[in-house]
Amino acid sequence: MTRDLYLYNTLTRKRERFEPLNPPRVGLYVCGPTVYGDPHMGHARPAVTFDILFRYLRHLGYKVRYVRNITDVGHLEDELANEGEDKIQKKARIEKLEPMEVVQYYINRYHYFMDLLNTLPPSIEPQASGHIIEQQQMVKEILRRGFAYEVNGSVYFDLKKYSNKFSYGTLSGRVLEDMISNTRDLEGGDEKRFPLDFALWKKADATHIMRWPSVWGEGYPGWHIECSVMGMKYLGSYYDIHGGGMDLIFPHHECEIAQSTAVTGKPHVRFWIHNNMVTINGQKMSKSKNNFITLEEVFTGHNELLEKAFSPMTVRFYMLQAHYSGPLDFSNEALKAAEQGLARLMKGMKNLGKLKPSADSTVNVKALEVKAYDAINDDMNCPVVLAHLFEGTRLINAIHDGHEKISGGDLKLLRNFMKTFAYDIMGLKPENDQVSGDSGLSGDLIKMILQLRQEAKDRKDFAVADRIRGGLAALGIKVKDTKDGFEWEID
RNA sequence: GGUCUCUUGGCCGAGGGGUUAGGCAGCGGUCUGCAAAACCGUUUACGGCGGUUCGACUCCGCCAGAGACCUCCA
């Protein structure tokens with residue numbers, strides 16, 4: 001019934017059938033944030049993308065270990081030149097905080113906003129700073145195997161030596177020779193034997209705060225080593241899936257592959273999956289371009305590009321309306337459209353509970369379910385899944401209005417289908433449940449006032465009825481008349 | 001400069017050689033004291049020029065435009 005799941009593998013540039021290496025277990029590693037700033041729309045994309053994958057793999061019955069790292073050390077401002085400050089340390093200096101204070105603050109922020117987006121927490125969320133010893137061990141092992149060298153207390157990966165035995169650049173489709181001729185700045189760190197060599201361990205100079213003792217002296221790990229180390233520590237030396245933003249393909253993931261391969265002699269990941277970028281006016285949204293919009297700004301509406309606040313589910317829905325592999329352009333209009341669409345879907349979900357079964361069905365629920373599975377199995381085609389959920393919504397409304405009939409068995413099937421796909425797999429959830437207030441004094445007061453308005457309407461005193469409606473509207477309470485009474489909601 | 005990708009109707013955004021994506025907006029309608037909401041229905045789309053083909057928006061070539069990576073960024 002569910003058929004096979006196909007995923008696009010960056011490594012082979014093909015869609016491949018997914019099969020766990022060690023069923024029923026699945027190992028999923030995703031690159032998490034570097035915690036030196038507030039999470040923005042760009043961080044939400046991989047979080048949502050791989051949340052869908054996590055949810056769907058679990059839905060298929062796999063025991064998934066989902067590891068998403070936190071980078072809290074070693075990420076320099078300028079990686080190639082091997083200089084520039086550590087991102088965390090820079091923030092700490094500016095804000096006059098302990099580096100770990102910065103880290104903790106942004107981890108908390110990240111968790112808070114990811115939770116609002118209804119992404120499930122990973123099984124393990126390892127921090128680079130908590131795995132210094134393991135990283136040192138791996139660096140030692142790479143050294144022992146002759147794929148690295150030490151200079152003045154720093155250790156660099158020896159790409160020339162590596163590329164004699166293995167090929168570097170397969171993930172990003174690059175050829176080492178081309179890269180040499182095309183590298184903008186061949187000068188870079190003078191300690192390196194070869195310009196494209198990258199740091200595994202860096203000596204900490206006198207001003208560097210984040211430092212750990214090692215056999216090479218006091219220092220800190222290079223950026224790429226943490227993912228090799230933590231992925232293999234928790235998922236084994238060869239695991240199912242590694243995900244992240246496509247901007248990480250080069251050099252981060254390429255270096256990760258090189259490090260892991262240097263140690264085990266083999267690649268460490270079966271499927272590489274990369275989500276595309278969130279753009280704004282067609283340009284990538286990023287820290288360095290300073291064109292990013294934080295999730296807090298979106299959720300509060302405090303940004304000049306936004307004319308109002310948008311809810312977390314609206315953002316989630318908006319992301320799911322595009323396939324993860326394509327760019328997604330951010331705009332107020334797109335979010336507004338998503339908001340309306342989501343509202344329609346959620347109203348359908350609400351009507352679903354009110355449907356009454358008939359003796360027979362005039363709708364084909366089974367076909368709908370099959371199509372939805374086909375869509376999600378086709379490289380997580382969420383836009384098409386949503387299209388089928390809207391088809392389900394259309395059916396629900398038609399049944400609700402008496403244009404179609406549904407049998408008891410089919411109704412059960414339809415409820416299960418809609419809930420499974422909308423809630424369990426797409427990870428959507430109802431929001432704003434203050435409608436038709438049942439909560440507290442103000443809710444009761446509004447209800448009483450509306451009761452009076454109803455009575456005025458019943459005796460055709462529309463002047464009074466309109467005055468009440470207008471008065472409530474001025475207070476931000478929107479009244480909607482229904483067949484058998486009224487509904488209200490706070491704006 | 002190198003490598004790669006993209007160009008779909010008013011907007012967002014799927015898709016694939018011949019058969020309805022979907023959402024939003026617009027328009028028409030149902031309902032309603034009015035309004036709002038809701039629901040139903042609905043309009044001409046595939047950058048340009050060639051080629052392959054019985055048939056291409058879908059494959060190939062060229063041109064134009066946009067973008068990504070080649071420093072850090074999800």
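Every chain is numbered from 1 and lettered A, B, ... according to where its sequence line falls, protein lines coming before strand lines.
Remark: P of B:C72 and CD1 of A:Ile88 are 16 Å apart, rounded to the nearest angstrom. Put simply, CG on A:Leu386 is 11 Å from P on B:A14, counting in whole angstrom units. Whole-Å rounding puts the A:Asn291 CG to B:G67 P distance at 12 Å. If you take CD1 of A:Ile468 and C1' of B:C34, they are 15 Å apart, rounded to a whole angstrom. Straight-line distance from the NZ atom of A:Lys192 to the C1' atom of B:U71: 10 Å, rounded to whole Å. Put simply, NZ on A:Lys336 is 9 Å from P on B:A25, counting in whole angstrom units. Rounded to whole Å, atom P of B:U5 lies 13 Å from atom CZ of A:Arg174.
A side-chain donor-acceptor contact under 3.5 Å links A:Asp86 to the backbone of A:Gln89. When atom types are taken as modelled, the side chain of A:Asp379 and the backbone of A:Leu7 share no donor-acceptor pair closer than 3.5 angstrom. Side chain of A:Asp51 to main chain of A:Ala47: no donor-acceptor pair is present (N/O by atom type, distance under 3.5 Å, no hydrogens or angles). The closest donor-acceptor contact from the side chain of A:Asp205 to the backbone of A:Thr207 lies under 3.5 Å.
Look at the C1' atom in both B:C11 and B:G61: the space between them is 33 Å, to the nearest Å. Here, B:A21 and B:G9 have their C1' atoms 13 Å apart, quoted to the whole Å. Between B:A14 and B:G47, the distance separating the two P atoms is 15 Å to the nearest Å. Between B:U7 and B:U58, the distance separating the two P atoms is 11 Å to the nearest Å. B:C60 and B:A37 have their P atoms separated by 47 Å, given to the nearest Å. The gap from the C1' atom of B:C27 to that of B:A64 amounts to 35 Å, rounded to the nearest Å. A distance of about 33 Å separates the C1' atoms of B:U52 and B:C69, rounded to the whole Å. Atom C1' of B:U43 sits at a distance of 35 Å from the matching atom of B:C62, rounded to the whole Å.
The nucleotide whose nearest atom lies closest to any side-chain atom of A:Ala337 is, among B:C24, B:G33, B:G13, B:C24. Side-chain atoms of A:Gln283 lie closest to B:G67 of the nucleotides B:C24, B:G67, B:A74. When distances run from any side-chain atom of A:Ala334 to the nucleotides B:A74, B:G33, B:C12, the shortest one goes to B:C12. Of the candidates B:C72, B:G23, B:A74, the closest approach to any side-chain atom of A:Ser288 belongs to B:C72. Each of B:C72, B:G13, B:G15 was ranked by its minimum atom distance to the side chain of A:Lys87; first place goes to B:C72.
You won't find any donor-acceptor pair under 3.5 Å spanning the side chain of A:Asn381 and the base of B:G15, going by distance alone.
Evaluation of A:Phe390 against the base of B:G22 yields no stacking contact (centre distance < 5.5 Å, interplanar angle < 30° required).
Using a cutoff of 4.0 Å between basic side-chain nitrogens and carboxylate oxygens, A:Asp424 and A:Arg55 are not scored as salt-bridged. By the 4.0 Å N-to-carboxylate-O rule, A:Arg109 lies close enough to A:Glu296 to be salt-bridged with it.
Looking only at atom types and distance, the side chain of A:Ser288 has no donor-acceptor partner in the side chain of A:Asn290 under 3.5 Å away.
Between A:Met319 and the choices A:Val278, A:Thr49, A:Ile52, the side-chain contact (heavy atoms from CB on, under 4.5 Å) rule is met once, by A:Val278.
An OP1 or OP2 oxygen of B:C69 is reached within less than 4.0 angstrom by a side-chain nitrogen or oxygen of A:Lys284. An OP1 or OP2 oxygen of B:A14 is reached within less than 4.0 angstrom by no side-chain nitrogen or oxygen of A:Gln321.
Residue A:Tyr324 is the one, among A:Tyr324 and A:Met285, whose nearest nucleotide of RNA chain B lies closer to the 5' end (criterion: closest heavy atom).
Residues A:His242 and A:Ile273 have side chains not in contact (no heavy-atom distance under 4.5 Å, counting atoms from C-beta outward).
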Is there any protein nitrogen or oxygen under 3.5 Å from a nitrogen or oxygen in nucleotides 35-45 of chain B, and what are the pairs?
from, atom 1, to, atom 2, distance (Å)
B:A35, N6, A:Asp481, OD2, 3.3
B:A35, N3, A:Arg469, NH1, 2.9
B:A36, N1, A:Asp481, O, 3.2
B:A38, OP1, A:Lys347, NZ, 3.2
B:C39, OP1, A:Asn397, ND2, 3.4
B:C39, O2', A:Asp401, OD2, 2.7

